[in-house]
Protein chains: 2
Amino acid sequence: MARIKEQSTIQENKRSAFEECPVTYVMEKIGGYWKPIILFQLLSGSKRYSDVRRAIPAITEKVLIQQLKQLEADGLVQRKAMPVVPPHVTYSLTKTGMRLKPVLYAMAVWAVDDSKEHGAVFRRNLKNFPGANDNA
Amino acid sequence: MARIKEQSTIQENKRSAFEECPVTYVMEKIGGYWKPIILFQLLSGSKRYSDVRRAIPAITEKVLIQQLKQLEADGLVQRKAMPVVPPHVTYSLTKTGMRLKPVLYAMAVWAVDDSKEHGAVFRRNLKNFPGANDNA
DNA sequence: ACAAGTACTTACCCTAAAGTATGTATAAAA
DNA sequence: TTTTATACATACTTTAGGGTAAGTACTTGT
């Protein structure tokens, strides 16, 4: 019979992991499937809500709004609403969000490299990658 | 009464999103909370299973193994088992996994920058970041 | 003899995230 | 006048991931 193990205080441990590992810190902000994808869409500049939605057809409205709100709360994106009707709302990256460009760009580079080896192809190639030629 | 909307064929749509957005491609491989953290630990070189576990106390054994297996299946990490007892198993990054270094490094840079603004502090700073001085 | 360490596996449960399907206000266009 | 479009909100259900707890096989150290 094995002894009772002590992997109990997970929540406490998460704090120390959070303090020691910068990647953990990042994942707390942009972890999950959709956030990097949304941020990627906003790299090319301010976009209306409906444009983001159309750019990512696989996401549902509920989840999109939810993720946008979280990104806004974490200071990565900025929401601007014009008080007109029909409503006109744009989302854009904050300064902090902009600083994620190297992360997203590195991801894109890796994806293109890796997909070359495995046969997948992107319609959008890196020449058109938003911000490929500036401070990335 | 609103019409019935058609956000049905999510699975089909995921394919097109996957083909158009490189970030989606990346998220399919390293998405989720733990994978980047595990990869980060392996950046500094080959490690025994138990070393990885001790380096990430917040993760449970089940999840760690599970994530390692997935990373192995996706060709990002390599498992080497020596047929001795007690078992001796090491994990290391594959060539493909190594190419993620710029991604992880960019994340770490962002985390340090961002935490400076918000008061958080890391015990491990970027001077000690594995591979900070080479082909990142 | 018994505990301890290694690298797992398995069964069960629980919750947070995601998906489904609606509703809503307003105004301009058809 | 019905439709269309915008940017959401909300109730309800499902699923996948993660957490808990324990077991296993074998050997070295005490």
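Please read all numbers here as calculations on a predicted model, not as lab measurements. Lettering follows sequence order; numbering is per chain, from 1. The figures here come from the full heavy-atom set of this structure, side chains too, leaving out hydrogens, waters and symmetry mates.
In this structure, A:Arg54 reaches the D:dT6 phosphate: one of its side-chain N or O atoms is under 4.0 Å from OP1 or OP2. For A:Gln66, a side-chain nitrogen or oxygen approaches OP1 or OP2 of C:dA18 to under 4.0 Å. For C:dG5, the OP1/OP2 oxygens have no side-chain nitrogen or oxygen of B:Arg48 closer than 4.0 Å. For the OP1/OP2 pair of C:dT9 and a distance below 4.0 Å, the side-chain nitrogens and oxygens of B:Tyr49 include no atom meeting the criterion. Put simply, A:Thr60 has no side-chain N or O that comes within less than 4.0 Å of OP1 or OP2 on C:dA18.
Considering only residues two or more places apart in sequence or on other chains, B:Asp51 meets the salt bridge (charged side-chain N to carboxylate O under 4.0 Å, His left out) condition with B:Arg54. Residues satisfying the side chain to side chain contact (heavy atoms under 4.5 Å, CB included) test with B:Gln67, not counting sequence neighbours, are B:Trp34, B:Lys35, B:Ile38, B:Val63, B:Gln70. In this structure A:Ile65 satisfies the side chain to side chain contact (heavy atoms under 4.5 Å, CB included) test together with A:Tyr49, A:Lys69, sequence neighbours excluded.
Closest contact between the side chain of A:Pro86 and the listed nucleotides D:dA7, C:dG5, D:dA5 involves D:dA5. For B:Val89, the side-chain atoms get nearest to C:dA7 when compared with the rest of C:dT26, C:dA18, C:dA7. The side chain of B:Trp34 has D:dG18 as its nearest neighbour among D:dC8, C:dT9, D:dG18. Out of D:dT6, D:dA9, C:dT9, the shortest distance to the side chain of A:Lys69 is found at D:dA9. For A:Tyr91, the side-chain atoms get nearest to D:dC8 when compared with the rest of C:dC8, C:dG5, D:dC8.
Residue B:Leu42 holds its CG atom at 11.5 Å from CG of B:Leu100, rounded to the nearest 0.5 Å. The line from CG of A:Leu68 to CZ of A:Arg53 is 11.5 Å long, rounded to the nearest 0.5 Å. Here the CG-CG distance, from B:Leu93 to B:Leu104, works out to 8.0 Å after rounding to the nearest 0.5 Å.
Clustering of Ile, Leu, Val, Met, Phe, Trp and Tyr side chains at separations under 4.5 Å places B:Val84 together with B:Met82.
The distance from atom CD of B:Gln70 to atom C1' of D:dG17 is 10 Å, rounded to the nearest whole Å. Distance B:Asp51 CG to C:dT6 P: 8 Å, rounded to the nearest Å. Rounded to an integer number of Å, the gap from CG of B:Leu64 to C1' of D:dG17 is 15 Å. Whole-Å rounding puts the A:Lys47 NZ to D:dA7 P distance at 14 Å. Spacing between atom NE2 of A:His88 and atom P of D:dA7 amounts to 7 Å, rounded to whole angstrom units. When the P atom of D:dG18 is taken as reference, atom CD1 of B:Ile56 falls 13 Å away, rounded to whole Å. In this structure, the CZ atom of B:Arg53 is 13 Å from the P atom of C:dT9, given to the nearest Å. Atoms CD1 (A:Ile65) and P (C:dA18) sit 15 Å apart, rounded to a whole Å.
Applying the side-chain hydrogen bond (donor to acceptor under 3.5 Å, both in side chains) definition to pairs two or more places apart or across chains, those involving residues 75-100 of chain B are A:Glu117-B:Arg99, B:Arg48-B:His88.
Checked by distance alone, A:Lys62 brings a side-chain donor or acceptor within 3.5 Å of a matching partner on the base of C:dA18.
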DNA chain C base-pair string [pairs: Watson-Crick or G-U under 3.5 Å; |: paired with another strand]: ||||||||||||||||||||||||||||||
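Where A:Pro87 and A:Gln67 meet DNA chain C, the nucleotide closest to each residue was compared, and A:Gln67 sits on the side nearer the 5' end.
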